[in-house]
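All ligand and atom numbering here is 1-based and tracks the order in the structure.
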Amino acid sequence: MGLTLTEKILSAHLVEGEMVKGTEIGIRIDQTLTQDATGTMAYLEFEAMGVPRVKTERSVAYIDHNTLQNGFMNMDDHRFIGSVAKKHGIYFSRPGNGICHQVHLERFGVPGKTLIGSDSHTPTGGGIGMIAIGAGGMDVAVAMGGGTYYITCPKVVKVELTGRLRPWVAAKDVILEVLRRLSVKGGVGKVIEYCGEGVKTLSVPERATITNMGAELGATTSIFPSDEITREFLKAQGRENVYVPMLADEDAVYDEIVEINLSELVPMAACPHSPDNVKTVEEIGPMKIDQVCIGSCTNSSLMDMLKVAHILKGKTVHPDVSLSIAPGSKQVLSMLAENGALADMLEAGARVLESACGPCIGMGQSPNSGGISLRTFNRNFEGRSGTADGQIYLVSPELAAASALTGVLTDPRTLGEMPEFEMPEKFLVNDNMIVEPVPEEEMDSVEVLRGPNIKPFPTSEPMPENIEAKVSLKVGDNITTDHIMPAGAKILPLRSNIPEISKYCFAVCDESFHDRALELGKSIVIGGSNYGQGSSREHAALAPLYLGVKAVITKSFARIHMANLINAGIVPMTFADESDYGRIEQDDELKIENIAGQIAAGGNIKVTNVTKGFDFECSVSFSERQKEMLYAGGLLNYTKNNS
Ligand code: MIC
Ligand code: SF4
């Protein structure tokens, strides 16, 4: 029986377990990446492990999220990360060099290798045939120290692409179509593998747009084969030497097959407030818009930017629209400047931003109240833009640029012929904004620079005999980590300070949560299905830990968040019978007796609702390693106990 590409790469990296779907496997990690908003915690954790040098083939620390620098906190974090990186063998991509996923694809990614990153859009690397997975900071810290990374051995979905995209229809429309069909929970426990004749018609940046936004499916990752198109891309980056062809076997067996004829796709948009709320432009109609933002790790490649520049050339942005453009990397921005495309954007009235996440994570460019904003980004969760009632639509760069000119949602196909342009054969390669680490013998000379906002991470206790606690909050389905631990210009600077950032925990759902949870001392949170989707931020587990949350009971969890809860020593459980969700209210007192014993026994966990006087069952499916971690009170305690 042939193997899928996913199985080939995973089994070549397998260090624990067997390739049995649904069971836990441990894999060796070749590369890691961090960004600054999750990086400070990851490096504090790495330092706590006491490993002098990273043991990976390549680890890179990027600064791209917190570049607003409103106050000393952001730059203190940058300096901390830069100095830790230099000391411990990590390459440091300085602020201004670009968005982690874009730069990693351009400069460091290698087909067939494994990459984990403390950012949920790490699967961008799947665009060149990597198994690239988003993870919590602690998992990345462990991998940097040479430790194994654990995942549930995934099912593999084949997305069979046929045909060719018609003019003005983009890679973004491909992933929007996948999201429309599979939904934001359709990818849980699965890797999405793209195959078929249509693959050959897609360039690497287009493939990377698709794998990037596979994160919104809740998938473990997404991957394209590594083929001649990959080789051309790596060659243009001066890295042809790392090219290896990587293909699934002809007779590979997949768990699910999705067929997409690229020729049939039309321009689409994900409507507020979920990436799977997808409609065609025709269905939405010519809606008046207020803002357009082009950029983010999904759509900020040179190819995307050149398309936009050609559409804008010689025209003017509509007077009622604000257009911002953030090219994804220094390489992209420099090339736009060199070939004149940047001037075309500026002349049309675009507000060009630095190469960073920017508006995608609510770092500036919040829309007007109730404003309609078209964005080429990957997430449109409520409030994420920084404007509580902002209406965010996720669209392709073509559609965004066309609409910026007309002031209404515009089908780019109405613009006539697509402008023709050639992609350069060689990219401008200058890695001068990547700082190399010092050699091991010089590491003692590097002082780690710690600002006053950098506080130690919260400690956790070993699992108690019984958990008796009130429900501090009950929330519905599809709660994102942007609900649990919001980001944005005001809160992101607090990423290194858990006591401070925890003041905003769940603020989107209920502003009084922080005070109530602290007053209760210990509590339990109740959630619906797909709880914790979205970002990999472990702050969404560390802040609840700090506030005394002992367990989270939901209908189902998103993968990275569930792993982060276990790493923090918070017990994630799901209702054995989902109808019990409706029988529990905020403030109910719940009791779980002999919790460690019940987990060890392997069956369902009995929970008593003391307030309402009934028992209900929760199911858990922990590996032995996860059980041990929970007994110890989280990954750090577990690692200390075992070293
Ligand atoms: C995001 O897109 O939500 C982020 C900000 O990049 C996060 C990471 C973070 O919260 O720092 C992610 O996707 O993991
Ligand atoms: Fe940055 Fe946005 Fe990409 Fe997250 S999704 S890494 S915030 S650009």
Residue, atom name and distance, where the atom is the protein heavy atom closest to [atom]:
atom: atom 6 (O) of ligand 1; value: D119 OD2, 2.6 Å
atom: atom 10 (O) of ligand 1; value: R537 NE, 2.6 Å
atom: atom 8 (C) of ligand 1; value: Q35 NE2, 3.1 Å

- If you measure from OG1 on T148 to CG on D139, what distance do you get to the nearest 0.5 Å? 11.0 Å
If you measure every N/O of [X] against every N/O of ligand 1, is any gap under 3.5 Å?
X: T38; answer: no
X: H65; answer: yes
X: D482; answer: no

- Query: To which of M363, R375, H65, E216 does the heavy atom nearest atom 4 (Fe) of ligand 2 belong?
  - Reply: H65
- Ion pair present between R495 and D77, side-chain N to carboxylate O less than 4.0 angstrom? no
- Exercise: identify the closest heavy-atom pair between P95 and H78: CG-ND1, 4.0 Å
- Message: Show the atoms of ligand 1 that are less than 4.0 angstrom away from any heavy atom in R379.
- Response: 1 (C), 2 (O), 3 (O), 12 (C), 13 (O)
- Item | Per-residue contact class, R379 against ligand 2 - non-hydrogen pairs under 4.0 Å | neither
- Under 2.8 Å from atom 3 (Fe) of ligand 2, which protein atoms of type N, O or S occur, listed by chain and number? C297 SG
